[in-house]
Structure formats: C-alpha cells, structure tokens
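Starting from 1, each residue takes its place in the sequence as its number.
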Amino acid sequence: MAFNTTATIASFGGKLLKLTHKATSTNCEMALNLYLPPQATKQGSRVPVLFYLSGLTCTGDNCAEKGFFQHGASQKGIAVVYPDTSPRGLKIEGEDDAYDFGSGAGFYVNATKEPWAKGYNMYTYITEELPEALFSSFDQLDSSRVSITGHSMGGHGALTLFLKNPGKYKSVSAFAPISNPINCPWGQKAFKGYFGENQQEKWKEHDTTELVKQWKGPLDLLIDVGTGDNFYKQGQLLPENFIKAAKEAGNDKNINLRMQPDYDHSYYFISTFADDHIAHAAKAYTVELPLLRYSPPIPFSLCTASLPNDPVAIKRPPLQYHHHATCLAVHPHENSSETLHLTLNSELSFCDSSNNSLLTFTPLEQVENAIEIAWNPTADQNLRSQALEFLNQLRADPTAWQVCLVLFTREPRPLEVVRHFSLEVVNNAVQEHRLDSQSLGYIKENLMSYVRQIYTPGSRQDAVDTAHIQNKLTQTMTYLFTSLYFSGWQTFFDEFRALAGDESAIGTVNVAGTILYLRMLGQVNDEIADVLVSRSSDEQKRNTELKDLVRARDARKISLSWQEILAKWRQTNLMIVEMCLKTVSRWVSWIDISLVVNEAMLNNFLQMAGQQGISSPESPEGKVRDAAIDAFTEIVGKKMKPADKIELILFLNLGNVVGQLIGSPALSDLRSTPDYDTDLAETVAKLVNNTVFDIVKVLDNDSIDGPTRLHAEELAQIFVPYLLRFFADEYDEICSTVIPSLTDLLTFFRKLKKAKGVLPPQYSGMLSPVLDAIISKMKYDETASWGEEDEQTDEAEFQELRKRLHILQQTVAATDEPLYIETLSRVVANTFRKLSSNDPSLNWRDLDLAMHEMFLFGELAVKNQGLYQKKEPSSVASDRLIEMMSSMVESNIASYPHPSIQLQYMEICVRYYQFFEQNSQLIPRALENFVRLTHHDHVRVRTRSWYLFLRFVRPLRTQVGSVSQTVIEAISDLLTIKAELPDDSGDDDMSSDEDDQSADAVFNAQLYLFEAIGCISSTATVFTENKILYTQSVMAPLFTDIQQTLGPAKNGDERAVLQIHHIIMALGTLARGFSDWVPVAPGAPPPSEVSEEFVKAAEAILVALESLNSSMDIRTAARFAFSRMIAVLSSRLLQQLPRWIDGLLSLSSTKDEMAMFLRVLDQVIYTFKAEIFGILNTLLTPLLQRVFATLAEPTAGTDDEIQLAELRREYLNFILIILNQDLGSVLVSNANQSTFNTIISTIEHFARDSSDYPNARLAISVLVRMTSVWGGPDQTASSVTNPTSPTTSTAPLPGFDSFAVSRFSPLAWNIPASQGFNSKDPQARQVLLEVAALQAEILKKVGSPYLERLREELRDMGAQEAQVEEYVRQLAGAVGGKGDAGKGWKGFFVGFVGRGGGG
C-alpha cells in the first residue's frame, strides 16, 4: 500500500514524516505521523517500532508535536507511529456531533452497529492494515519488535490491543488510560453507539479490566495517571478497577501504576514522562538468556564476575587481541571455531603474548563499560545489543547488587547513567525481598554512610545528587524501611531528620539535607499509605502495622520538625516550605489530627494561605499559598466521625478563612481582569468542594445528634454561597471543581423531598439561587464565538459542561418541579419579550441560552403521553412549553442573524412537531422559515437545515400536502446535483466546517431534500395527477442528466461516473420518501399511475447499471435504489428482477456486495411471495451458481474471512426464507434440480465447520426446516409421537424422510467429531442444541425405525446398553412429551456429547 509523504520534518537527529494512505478497513484516506530515529538512516539497519495511540479529539499530529516522544526515541533508536483516532469524512449522520463519539473517537474497536460498521474499524486498522502497510513500505522498521502505548482513549486502545493479541506486542504502557470503559460515561456512550445497548458481552471484549481477568502469563505494564487529572476525578479512567481485577487474577506482580502528584490530563503530563515510556518499550526489545554465550568478536569488558575473591583466569595463548578505549575485542586464532562461554561468576584475565603480561578486568569496570555502551546512542549497534543482553542478565542475578552498590557509592563518581542503573539494581534486590537481614543491613549501612557524606550539614553541597537520583535513593531507602523499621532500624526517621539540622539550625544550615528528608517522608507515605495503589493482603497488613508503629514512635517528632521547617525556612527558601506543606497534606490522612490541627501549625497555614499581593501564582509565594490551602483541603478530607468532622470545620474557622480568601483582591477586585488568579481560585474551590461534601455527608446521616445537625445546617448556609461563587466562575475549570459537591447537595435535597414530601424551609431557599446559577452557567461566555475553527476544542468542552449542568437541572426539577417550571418559563419569556421589544442589551448568547433551555424543557413537558392529551396540554409543563412555542413562532426569531439561533429554531420545531399538529395554521410560517434557511449562506446551517427540513415535514406530511407544490418549487434550485471528485491535496488539517463544505458532505445532506419531497408529494391530500406532476418535475432533469453523462462515464470519466452514482442515489431516496409501504403494514402502495413514473426511474437506473456495472460505486448506489423501489413499484419490480440481478452481481462483485444483495432479495421474496414463484424458478439456478462460485473463492486476510462468513449467513437465510414462505418447491423444481445436491452439500459443509459456529448453527436450522417441510406428516402417537411439526402448504417430497436419515442424521456424530470442535465453547453448545433439534425432527417424520437405527449406531460407537436406552428414551420423550421435554432432551444431548457418548 503506497503512502503519500506530505511533509518531512527534522526532529532530534531523525525525521518526522507526515503520511497519508487509502485504508480499506476505515473506507477513507487516513493520515498519520511516523518518526524515524537517526539510527534508521544507517544502511541495512532495522529499528523497533512503538505505536502511540492518541486520545479523544486528537489526530496523529498532537503527540508528535507536543508529546516529546522523539527525544527518548532518538536516544533508544525506536521508530514511533502516531496514527489517527478514527476514520474521517464518512458522512455518517451524527459523526461530528460530539467530541467523544464518531470523528476523533474511534475507541480502537470494530463497530458492529450500523451505520458505524461501514468504516469505524480502528481495531483492524491498527492491528492489521496499518502495520502491514508500514512494514511493506519502510524497510527500516523491524516487524518482529513492536510495542504499543497510548493516552486516555489511546491508553484504553493500547491495553486492550495488547491483551487481545498475545505475543503481537513486545510491551505495553499507558498514560491515564480509560481502564474500565463499560463502567464510565465515555466508554458506555461509545460502546452503545458502536456495538448496541444490549451487547454487554461485546463490550467486555474491549474492556481492559475484563480482559486482564483472562490473561495468562507475565504482564509487565507501566501506567502513569496524574492525581490532578479531572477526568480521573470524574470516574472516566478507573485505574483502581483494573488493578483490582489484575490482582484478583494474580496478574498484578509487574504492573507499575504510578500516581503522579498534581499532574493533569494534558500533554504537559505526557511530555514529562514520555522518556520513561520509551525506556519501558526499549527494555522489552532486549533478549534475556540464562547464560552469556558470545561468538567472536567478543567485548570482554561487558563480562562481569562475582566478588574479586573468586577469580578464574582464562588463558588462551592462541588468542589475539586489540585494546580499545571502551572494550577489548578478542578473536580466536585463524581457522579456530572456538566459542567462549561466560557466566556472571567469572573474572576474566587474558595473557598478552607480546609481553607475557596478564590483562584483568574487574567487575566494576565490566559493569560500568556495559552501561556506558548500552546508553550511548552513537555506539556500534551490535556492541550495544550485547551490552543490553548482559545488563538484562545482571538485573536477574541475585548477587549483582553487591557490585552495583560499590559502583554507586564509588569515588570518583561514574557517569550519571551508570549510577542510576546501579542504584536501580540495588533497589530491585531490596524491593523483591530476595535478601536476608544481614544483606539488608549491609546495604543500609553503605547507603547511609554515603548519605551522611553528601547530605550532612557542612558537607560538600556541590556533590548533591540530581533529583532523579534522589528519587531512586529515597525509594530504595523506603524499601529498606519496610523491612527494617520493625526491628533493626528504629532510628530511621531520626537519622534523616538529623540531616536537616537540629532544632536551632534546621532553618538555616542544610538545604540539601532538608529536601532529602522531605523527599524521604513523601516516599514513605506513598509506600505505606497511598490508597490508590493496589496492594496484596500481606502488604496491606504490613502497611497497617508500619503506620501504627510510626504513629507510636515518630509521628510527634515528625510533626515538630514540620513546625520548625515552616517557621524558619519561610524567610530563606520557599521551595522547602512548599515541599513541607505538601508532605503534611499527604500524611494528615493517617496520623493523629492533633499533630496538624494545633495552634502552631494553624498559624503557619493561615499566614501562608492568606498572603496578599502575590505577583504570580507560579511564583514561590504563590505556590506556597496554594499548598497551604491544599493542606486545609486535605485536613477537611480526613476520615472521622460526623460530629468530629463538623467540630473540625468549626475549629479551623473555615467559613471565615474561605470568606477572606474570596474577598481578597486576587479573587475579588481582579476577577474580571487578565490578572485574575485562576490557580488560587481553583485551589480555594477545591477546599470549598471538599468542605461542602463533608457537610452534606453529615446532613444525610440520620443518626447524628441534634446539635451536630444544627451546626451542619449553619455551615451549609455559609458555604453554599461560596459554592455558588465558584460554580458561577467564568472559567469552566473552576466551575467544574465544585460540580461534584453541588451534585451531592442537590441529590440530598431530592432524597429529602422524596422522604418528607416537601423540602424543609432551611434548604428550600437555597434551591432558587442554585437553579439560577446553573442556568447562568449554561450561557456562552462573552469571549466565546460560534463556528470558528480555532474554537472547536473549547466548544466541545463547553457542550460537555452543558451536559453536566443539565444533569444538575434535572435533579432540581425532580426536587421542586414548580420552581423549575416557573424559573425556566421566566427565562424564556423574558428573552422573547426583549426580542420583541428590540432591547439593545439582548445578544445571541441570551437567545441561545433561552432556546437551549427550551429544548431541554421538553424532557419534563413531553413525557410518555406526549405534548397533548385529547387535544389539551398533557401537564402544567406541557402548557408552559406550548406558550413558549407560540412565543417563539410569533417572535420571528428564525430571522435573527446568527447561525446558532437559526439552527436552534429548526431543532426545536422538529423536537416539538406535535405543537404544529395541533396548531396547523402556524405550519406555513414555519415552512417558510425552513425553506429560507435551506438557502442559508453558512454551510453548517444550510446542510443541517436540509436534514431538519425532512424531520419536520415527515410527521406533518398530511398538513403540508396542501402547500406541497409551493414548497417543491421553492427548493427546486437546491436539487441540482453536481458531483465533485474528492480533493487529493493531502491537507489533513481540515476544520469541521471545511469538512462540511466537501462535495460528498453536501451531497449526502442534499439527499434529505429528495426524501422530503417524496414525503410531501405522496400524502392522501395530494391528488394523483399532482403526485405524477411533482414526481416528473424532480425526475425529468435527473433522466436528462443521466443521458448526457452516461457516454463520458462509459469512457472512464471519473466525475461522470460519480455524477451517475449521485443521480441513482437521489432517485432511490425520492422513492424512500414517497412510500414506505410493506404488505404487512397498514396502507397501500402508491397508485399505479404514480408507480409507472418510478418504473421509468428503475429503467433509467438499470440502463446506467448495465453500462457501468464494473464500478462498485454504481453497483452500491443501484442496490440502495433497488431496495427503495420495492415499496413504490410493487409487483412491477418482478418484471425487471433478472436485469437487477445481472447488473448488481457482476464478475467484480465482492462477497460483501453479494451478501447485501441476498439480504435485499429476502425482502423481495417476503414482500411478493404470492407472485414471485415463476420468476424465482427461472432465476434461482443462475443466481445460486454465482453464489457458489463466490463461496468457493479463497480468502485473503481477516476482512475477507469476515465477508465470507457474512455471505454464508445471507445464503443460508436466503434458503431459509424460501422455505418459510412456502416456496420450497422452487428448490426442487425441474428447472433447479441440478443445483439441489449442491445446496445440500454446502449446507452440510457449513454445519461441520467448527471455525464458524454461528453459521454452523444456522445451517443445521435450515436442515431442520427442510425436514419439517418435505419430510411428510408427523407419525401418529402409536409410532412414538404426537403430530407437532407446523403444517405447510408445500407438498412433501416422497422419500425425503429416508433422505434425511441417511444424509442429515450422521451429522449428529460428524459435527462433534470435526477437527477443532470444542463442546465447552458456548457457541458450540448452541450448535449442539440445534443438532438435537434436527434428530428430534427426523424422529417426528420417521418414527420408531429411526430409534432402532440410532440404537445400532450407538452400539457401534461403543456405548453401553444402558446408555443406549437412556439416549433413546430421552429423544422419544422429547418428541412425544409435553412442556419442557424438548428442552430436557437438548440438554441431555449436549451432555452426552461432552462425555464422549459414554465411549
């Protein structure tokens, strides 16, 4: 598959290629980015590949430009593929309506629900089509070394693709993945749309949490999630569910879930940890062997040994050597085939024959050289590979920590990468509990000696470790703490606290020691108290005991050190103060609250939280202030009894604290200026959110005492205004921070109202300002614009916020419906009043708000009984909505010059069409507005209006019929079809509006106009002659266009072919609008005179099809039109059926096309079963011969196999519908007898195919139906059974009962014996149930002789006599019994097969 390179960009020594290609799985052109590292430019080199899957709304450009992946990839020599997140431009209705479904939200699944199944196949695209295309086009890419990672939706994709395809990917990692989509709003919406609401098992197939339960083997995962991620807080990500499932399945040992403090969901987060994920992938590309085996040349400097007291000299005089700066390469003597075997327990010495000296390499040098080579991107690739192999073995060696500990603490220091790797080896040895207490003590003493040397007051401050070394060092110390704090290292905290200095010097002497001490406290908390990390029961027990010990031994001393640090470092180093505050926030949840909530600590918090005049939130002062407020938030969030929690809030005087913060200039005077401190606002909002959450929790507790409840109610009165202050903030991020507690508050109100019948007065007064705030927040802010490309992301986020606000409104409505009705009615009425009075203060945002609320109001006003009941409003809400509709229609708002308002007008008219049914005098005015808007200058309004116009006239077609001629004439200028070939410019950065302006998008919307004309032309109020006239007026120009275009199309003009495709689609769509008649539905087909006009249309389509049937586009359009012509042509269609079949089933027709045509043909047979026998008798054999030929074609790839299974299913359904419509005799007529045996053979073949259980089951059901239809009457009761088979008008075939015994009955034994058949598979069980039904049906037709035959067969298979008789008894009972006898027989048969038939 060819790629088109649209740009080449230099990046970190490599090249970033922007590519496009045609993709069959997604049915469109796909864009992607491919980063080739500098290592890929070397001739003959092949680099591993990492697929990065992006999240919602993203394309392949986002991470390539912002994710910083190329930095690490260039160092590790890894290519990175950045695919798109969905197909683009498929013109599916609703594809671009939401950010979390459709475009930009493919969820890396294959959709099974129409219309999404036609292109939303991102699973196949990512796992098959794209890799195959890349590896065939870029020789530099190594297809044997592929890994996968992703972010958010892409993290979900990476994890599910890895778990669903064992062995396909070498590694997997994820940033903030959607870990349990079946239980989060994003996933539920996507899976419902792509699979269907009731396809829960299908949902589970693409859920990481469900898949990990079935995983077998090791699972090495790296997952990063930011604790400041709002989507994590909202329950969209649910990593805890995944960790819990992995743990329960025993798969959690190597899952590294890192909760990164304060990071959010953005690319700032991704870029920070991108190198870690690149390194995780790189780790998987190396090979681990139990024994180092090097064939010359051998870099002996890579080989390590045990401790120096166990040397083994290897002397080989024939060896020749050369000495290099990084390694010693040794070659055997010429013609020697010796191979040198080296283990980790050898020290190497070599004899230099030139001067008889002995060259020795120590373990330290060997390890150091290996690390330097492995991390040197310019080193020889073969040498690097050997180094990586060696280091992987080093990690696994139980004694390697000894060498690495010495290497880490050595002076002079080795390179930073050497120190980090060495410390990591020591860290792993301690963490994995492989060491005895003596070894742990040895490591502790050495590391503490190193720490004292570097971090003690007065020591060398220039030698302080970098941040990432400090993190690894404190992590190692923490693992030592968990093993030794119980006994052996009770002074752990004292020793680290001493680094910061004694009480007199703690704030003046040792910056580095104080920072290390605070880092140490943070690491200990994360290890023993972080509730977000999944732990085993043993680890939980250990952590509980450790926390008890810390509380008893050291917590008070640690608390005092915090006080000292906060008091003394404030004047000199605010970074340390910020670290200390964050440490307090982390510890407060599990230590005695009095250690934090005391006068000394609170004075510090209050002074820092209340700082004024801070120039920037990013300044040290701003960070300290926000950290102090966060400390209050964590204190309030501490778990405690309800009464204690209220007492704590009162003691902290939080009402006054928050009030002062809100009144500070940063949040008050500067609120509407560019200097508004949004960081401070969000921090205080979080404090308010947590406080209100706790207040509501107390109020919702029926067991609390009276005084506590009274205090809680008083606090609610104080904090609800604070809550609304931040809820109404113009910044949506700040508003979203308090939505959770506002939701809890309103839920509490609703619960209280339901229990008491009325909301108590102390709360009822809160509800009105809450509702006012919600409505106000629904409005576009003053900076927002509409429809501009740069605003698309903001628009999507605002619409998502509106959905959350809508839920809050619904809760208010459920709590106080009259208040909700009055408030919404007032908002809408006031807005329309201002509009009618030309109030200059009114703008489009006000109108948009009123109409949006009017649209939502219908959920209350239009319930099950509809807007009206017996021509009267069905409820108070319905009455108000009718008033709103009257005001809207009379206000002439449709002429307001803003696209958003005009669209909302049409959406509301469509939603509340029942209003126009009862007020038909207003329809002409609405139609006039619709017709005018169908000609709108703005493409989004214009094309959307065409769809809404159809939606409006379809239910009102009876009332519209009287003005149909006027309407058709008014929109006739919009019916001109002008096909345009797709633009192949390769411009991938198209906005939604530009997509809307594409020729395909406009044409697909144009089809709604043709359907609308069909609707309004076909009503009973339109005279037949007018129906003919309207039909001719639309179709005549199309016929002329076909005549003029057919010649160029036959000569290969692509635009002409596309033009004819469009015309055929338009004719079919007109027919769909004209009649949806089916025989089983009320009504009748159009009058014959009208049908005659559509006969002409069908003839025109057939002429085009016969001339251009090599074009798949033409066949697709014709098949669409054919299915729509059924209702308007009635039985006239049968006269043209042979030509339709010849045209639609050309030699180039695909399996998919043939399957879809058979589905349409099923509809024809069902519709015209009384008239179709003759034509079907003539056409059946040629038709089936084409089907058989296509079924016999070999498959090529997964897509082809899927299409083959679909064709099999439709072929079997085709035979089944013939049998069910009493047309079975056509299968055995003289004209078709030659194909009968092939029909039986194919059905038997499908029945035995254990690779396709669904079609096997369907095939057997066809055999059951054949036996029932052709096997003759059921035998009498004396012959075993009562007559139970359904009677049919099809005559039985003489001898078919015997034929069924000889051909069908053996399938009962052949099917379970088929290769690959697994009776434990649920789908295989369904096959066996159908086989049991087949045996029962044969017994009905044959009687007792069949039982005797079965007895003989069972005995021949080795069954015991008792088993034989039990089998026969069960089968006979199923046929002759009542009730559940048949069900019991089927269950018995399945069990019999599962036991191997007793033999």
Side-chain angles (χ1 to χ4, degrees), residues 53-58 85-86 94 98-102 104-114 116-117 120-127 148-166 172-216 219 221 223 225 229-252 255 257 265 532 534 740 743 800 803-804 807 1322-1323:
L53 307 186
S54 295
L56 292 170
T57 75
C58 291
T85 51
S86 76
Y99 83 95
D100 54 356
F101 184 77
F107 267 82
Y108 305 102
V109 301
N110 284 347
T112 57
K113 183 179 177 183
E114 296 295 340
W116 308 99
Y120 276 70
N121 298 305
M122 291 301 293
Y123 178 91
T124 297
Y125 176 71
I126 296 296
T127 60
I148 193 164
T149 187
H151 171 233
S152 193
M153 176 185 74
H156 142 79
L159 293 173
T160 54
L161 267 56
F162 178 87
L163 293 171
K164 288 174 68 66
N165 296 276
V172 63
S173 66
F175 297 84
I178 303 173
S179 306
N180 192 195
I182 65 175
N183 288 318
C184 77
W186 277 343
Q188 291 167 348
K189 178 178 180 180
F191 288 2
K192 178 180 177 181
Y194 293 139
F195 300 133
E197 188 168 8
N198 298 319
Q199 300 296 317
Q200 300 299 319
E201 291 304 315
K202 189 69 175 176
W203 291 22
K204 291 181 180 180
E205 292 177 14
H206 295 275
D207 185 294
T208 303
T209 298
E210 295 296 324
L211 290 170
V212 78
K213 298 175 183 177
Q214 312 300 325
W215 181 262
K216 304 298 181 185
L219 190 58
L221 302 184
I223 300 175
V225 179
D229 188 329
N230 280 333
F231 297 122
Y232 168 70
K233 298 173 185 177
Q234 294 165 15
Q236 296 282 21
L237 307 183
L238 304 175
E240 303 88 352
N241 293 7
F242 169 66
I243 294 297
K244 180 181 178 182
K247 180 181 176 182
E248 291 173 353
N251 290 327
D252 63 324
I255 297 178
L257 170 61
H265 203 72
L532 297 179
S534 178
T743 302
E800 187 62 29
K803 293 176 184 177
R804 299 177 68 189
I807 294 172
Q1323 293 190 68

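For the atom pair CG of Leu221 and CG of Leu257, the computed distance is 10.0 Å after rounding to the nearest 0.5 Å. A distance of 10.0 Å separates NZ of Lys204 from CD of Gln214, quoted to the nearest 0.5 Å. If you take OG1 on Thr57 and CG on Asp100, they are separated by 10.0 Å, rounding to the nearest 0.5 Å. A distance of 6.0 Å separates OG1 of Thr127 from CG of Leu161, quoted to the nearest 0.5 Å. Taken from CD1 in Ile178 to SG in Cys184, the straight-line distance is 5.5 Å, to the nearest 0.5 Å. Taken to the nearest 0.5 Å, the CZ atom of Phe242 stands 9.5 Å off from the CG atom of Asp252.
You'll find the side chain of Leu211 reaches within 4.5 Å of the side chain of Lys164, heavy atoms only. At least one side-chain heavy atom of Tyr232 sits under 4.5 Å from a side-chain heavy atom of Glu240. In this structure, the side chains of Arg804 and Gln234 come closer than 4.5 Å at one or more pairs of heavy atoms. Between Pro177 and Val225, some side-chain heavy-atom pair lies under the 4.5 Å cut-off. Here the side chains of Trp203 and Pro181 are not in contact, with every heavy-atom distance at 4.5 Å or above. Counting only heavy atoms from C-beta outward, the side chains of Leu56 and Thr85 never approach each other to under 4.5 Å. Counting heavy atoms from C-beta outward, Ile182 and Gln188 have side chains that stay 4.5 Å or more apart. In this structure, the side chains of Thr209 and Leu238 stay at 4.5 Å or more apart for every pair of heavy atoms.
Shown here for Gly235 and Pro185, the closest heavy-atom pair between the two residues is O-CD, 4.3 Å. Across all non-hydrogen atoms, the minimal contact from Ser179 to Pro239 is OG-CA, 3.7 Å. The nearest pair of heavy atoms linking Ala158 to Leu53 is N-CD1, 3.6 Å. In terms of heavy-atom proximity, Phe162 sits nearest to Leu219 at CE2-CD1, 3.6 Å. Summarising the geometry of Asn251 relative to Val212, their closest heavy-atom pair is ND2-O, 2.9 Å, with the distance given to 0.1 Å. Minimum interatomic distance between Lys803 and Ala98 (heavy atoms only, all atoms of both residues): NZ-CB, 4.5 Å.
The distance between the ring centers of Phe101 and Tyr194 falls below 6.0 angstrom. The ring of Phe195 has its center no closer than 6.0 angstrom to the ring center of Trp116.
Looking at His265 and Ser152, their side chains do bring a donor and an acceptor atom within 3.5 Å of each other.
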Point to revise | Verdict with reasoning, Thr149 to Phe175, per side-chain contact (heavy atoms from CB on, under 4.5 Å) | key: CA-CA 8 Å; Thr149 187; Phe175 297 84; 4.2 Å; yes
Practice item. Check the pair Trp186, Phe191 against side-chain contact (heavy atoms from CB on, under 4.5 Å), reporting the backbone distance first and the verdict last. Key: CA-CA 9 Å; Trp186 277 343; Phe191 288 2; over 6 Å; no
Exercise for review: Please lay out, stage by stage, how Met122 and Phe107 fare under the test side-chain contact (heavy atoms from CB on, under 4.5 Å).
Suggested key: CA-CA 7 Å; Met122 291 301 293; Phe107 267 82; over 6 Å; no
**Study point:** Candidate pair Asn180 and Asp207, rule side-chain hydrogen bond (donor to acceptor under 3.5 Å, both in side chains), full reasoning
**Key:** CA-CA 6 Å; Asn180 192 195; Asp207 185 294; 3.0 Å; yes
Exercise for review: Verify side-chain hydrogen bond (donor to acceptor under 3.5 Å, both in side chains) between His156 and Thr208, making sure each step is shown before the conclusion.
Suggested key: CA-CA 7 Å; His156 142 79; Thr208 303; 4.6 Å; no
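The environment of NZ in Lys244 is sparse: at most 12 heavy-atom neighbours from other residues, nucleotides or ligands sit within 6.0 Å.
Although no hydrogens or angles enter the test, the distance criterion places a donor-acceptor pair under 3.5 Å between the side chain of Gln200 and the main chain of Glu197. Under a 3.5 Å cut-off, the side chain of Thr124 and the backbone N or O of Asn121 do not form any donor-acceptor pair.
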